[in-house]
There are 2 protein chains.
Amino acid sequence: MHGEEGLSTTHEMYLKVLYRQQMENEVGRVRDLAKGLGVTPGTVCAVLKKLEHAGLVLHDHYGTVKLTPAGIRMAECVVRRFDIIRGLLIEVFGLDTGAAEVDACTMEHAVSPATINRMESMLQLVRTGEIVVQPLHQVGPSVSTCSDCEVTGTCQAVAGVERSRSQGKRS
Amino acid sequence: MHGEEGLSTTHEMYLKVLYRQQMENEVGRVRDLAKGLGVTPGTVCAVLKKLEHAGLVLHDHYGTVKLTPAGIRMAECVVRRFDIIRGLLIEVFGLDTGAAEVDACTMEHAVSPATINRMESMLQLVRTGEIVVQPLHQVGPSVSTCSDCEVTGTCQAVAGVERSRSQGKRS
DNA sequence: ACATGTTGTTTGGTATGTCAAACAAAATTT
DNA sequence: AAATTTTGTTTGACATACCAAACAACATGT
């Protein structure tokens with residue numbers, strides 16, 4: 001019935017960044033998207049074609065880029081996942097903001113609805129004090145027990161993009 | 001100093017499946033890898049070339065496939081991440097085994113060392129009873145508050161592979 | 001030993017997502 | 001309004017990861 005069978009990580013990122021920029025800027029422009037995503041304008045152009053074809057954005061030639069209602073819904077899903085994971089990593093797992101946001105940006109594309117819902121519940125319970133997790137914060141700062149897997153955040157969008165949005169807009 | 005700058009999700013999956021099969025079978029064969037990963041033998045062949053070039057596997061022409069010590073170390077990192085995330089999703093977030101394993105298989109490629117270490121600590125604290133999280137299990141079964149983002153597990157390896165391994169080897 | 005079947009490899013093709021650089025349109029300056 | 005700058009689009013190229021199908025090697029049965 002829905003027809004959609006899941007967006008790629010790339011497409012989710014495009015929608016998310018576009019959504020955030022539209023919240024602040026009103027109008028979307030290719031150059032801003034490119035900057036926000038850390039890719040070239042040519043790449044954005046190509047991907048926008050697909051998103052337009054999928055009915056998620058409207059893109060006037062040499063003009064503005066706008067999310068459709070469907071695009072907004074999808075973007076909000078991604079943003080919700082990001083916010084929940086970010087909160088969880090900071091408030092429950094005790095990571096610092098920067099690391100949490102880089103990881104959240106990668107993980108947001110990897111969790112099913114079931115998992116994100118449980119994460120949301122957990123976050124809520126911790127916030128209301130029904131679950132107490134202070135002990136975790138005493139574990140120490142990001143011990144690297146595994147020197148082999150230097151898994152770096154593979155999220156394309158620079159951490160700065162995340163940071164600038166989620167804690168008060170800064171230029 | 002290390003030289004490596006992070007494996008792709010694909011390569012991590014190849015190493016993980018190879019590792020598991022070698023734990024059970026001794027000898028690795030292209031067809032088993034292909035089956036375990038849900039891809040064709042031709043694809044496996046191509047990817048093995050890259051893994052060999054990266055010093056992670058040894059692949060005799062028309063012969064066996066074996067992880068190098070470096071490959072084993074990397075594979076163990078991936079397996080460790082999987083196991084921690086799987087445990088967390090089941091024991092802390094209250095997901096059922098199947099869903100947890102599908103999600104863990106996607107998430108295992110998306111968490112930084114810092115995050116996985118915190119997750120491990122959390123899991124330990126829950127197991128030793130220092131943190132109690134029963135309330136979460138009463139939240140109900142995977143409510144889908146978000147009907148738009150039908151994010152499906154994008155993990156290539158069929159859930160069966162995960163399942164057969166992680167709860168007692170079954171043929 | 002040789003025919004058959006299995007397993008492994010190669011080849012040619014596809015789809016994504018990316019860049020650099022050429023080119024086109026719009027906006028701004030003067 | 002013409003020149004210049006900025007912004008947007010297209011093109012050609014590349015890397016990854018995949019498949020189907022042709023082909024090569026190996027293993028076995030009789």
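Keep in mind that what you see is a predicted model, and the values were worked out from it rather than measured. Within every chain, numbering begins at 1; the chains are lettered A, B, ... in the order of the sequence lines, protein sequences first and strands thereafter.
How far CD1 of B:Ile131 is from CE of B:Met122: 4.5 Å, rounded to the nearest 0.5 Å.
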Less than 3.5 Å apart, which donor and acceptor atoms pair up between the side chains of residues 49-64 of chain B and the rest of the protein, not counting sequence neighbours?
unit_1: B:Glu52; atom_1: OE2; unit_2: B:His59; atom_2: N; d: 3.0

Evaluate the side-chain contact (heavy atoms from CB on, under 4.5 Å) criterion for residues A:Cys105 and A:Arg86: first the C-alpha distance (whole Å), next the side-chain angles of each, then the deciding distance (0.1 Å), finally the verdict. CA-CA 8 Å; A:Cys105 186; A:Arg86 178 184 179 278; over 6 Å; no
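Atom CG in A:Asp32 sits about 15 Å away from atom P in D:dT6, given to the nearest Å. For B:Leu7 and D:dA17, the CG to P distance is 10 Å, given to the nearest whole Å. In this entry the distance linking NZ of B:Lys35 with C1' of D:dC18 reads 20 Å, nearest Å. In this structure, the CZ atom of A:Arg31 is 11 Å from the P atom of C:dA27, given to the nearest Å. Between B:Arg29 atom CZ and C:dG8 atom C1' there is a gap of 12 Å when expressed in whole angstrom units. Rounding to whole angstrom units, CG of residue A:Leu33 and P of C:dG17 are separated by 15 Å. Here D:dC18 presents its C1' atom at 10 Å from NZ of B:Lys50, a figure rounded to the nearest Å. Regarding A:His11, its NE2 atom lies at a distance of 8 Å from the P atom of C:dT16, rounded to whole Å.
Among residues two or more places apart in sequence or in another chain, the side-chain contact (heavy atoms from CB on, under 4.5 Å) test is passed with A:Arg31 by A:Arg29.
For A:Pro41, the side-chain atoms get nearest to D:dT9 when compared with the rest of D:dC18, D:dT9, C:dT9. Closest approach to the A:Thr10 side chain among D:dT9, C:dG17, C:dT10 is made by C:dG17 (side chain taken as heavy atoms from C-beta onward). In this structure, the nucleotide among C:dG17, C:dT9, D:dT9 sitting nearest to the side chain of B:Val30 is C:dT9.
Looking at residues 57-67 of chain A, you'll see A:Tyr62 sit with a heavy atom under 4.0 Å from some atom of DNA chain C.
Considering only side-chain N and O atoms, A:Thr40 lies under 4.0 angstrom from the phosphate OP1 or OP2 of C:dC19. At C:dT10, one or more side-chain N or O atoms of B:Lys49 fall inside 4.0 Å of OP1 or OP2 (strictly under the cut-off).
The two residues A:Pro41 and A:Ala34 make their nearest non-hydrogen contact at N-CB, 3.8 Å.
The pair B:Glu12-B:Arg81 counts as a salt bridge, with a side-chain nitrogen and a carboxylate oxygen less than 4.0 angstrom apart.
Contact annotation: the side chain of B:Glu130 never approaches that of B:Gln124 to less than 4.5 Å [non-hydrogen atoms, C-beta and beyond].
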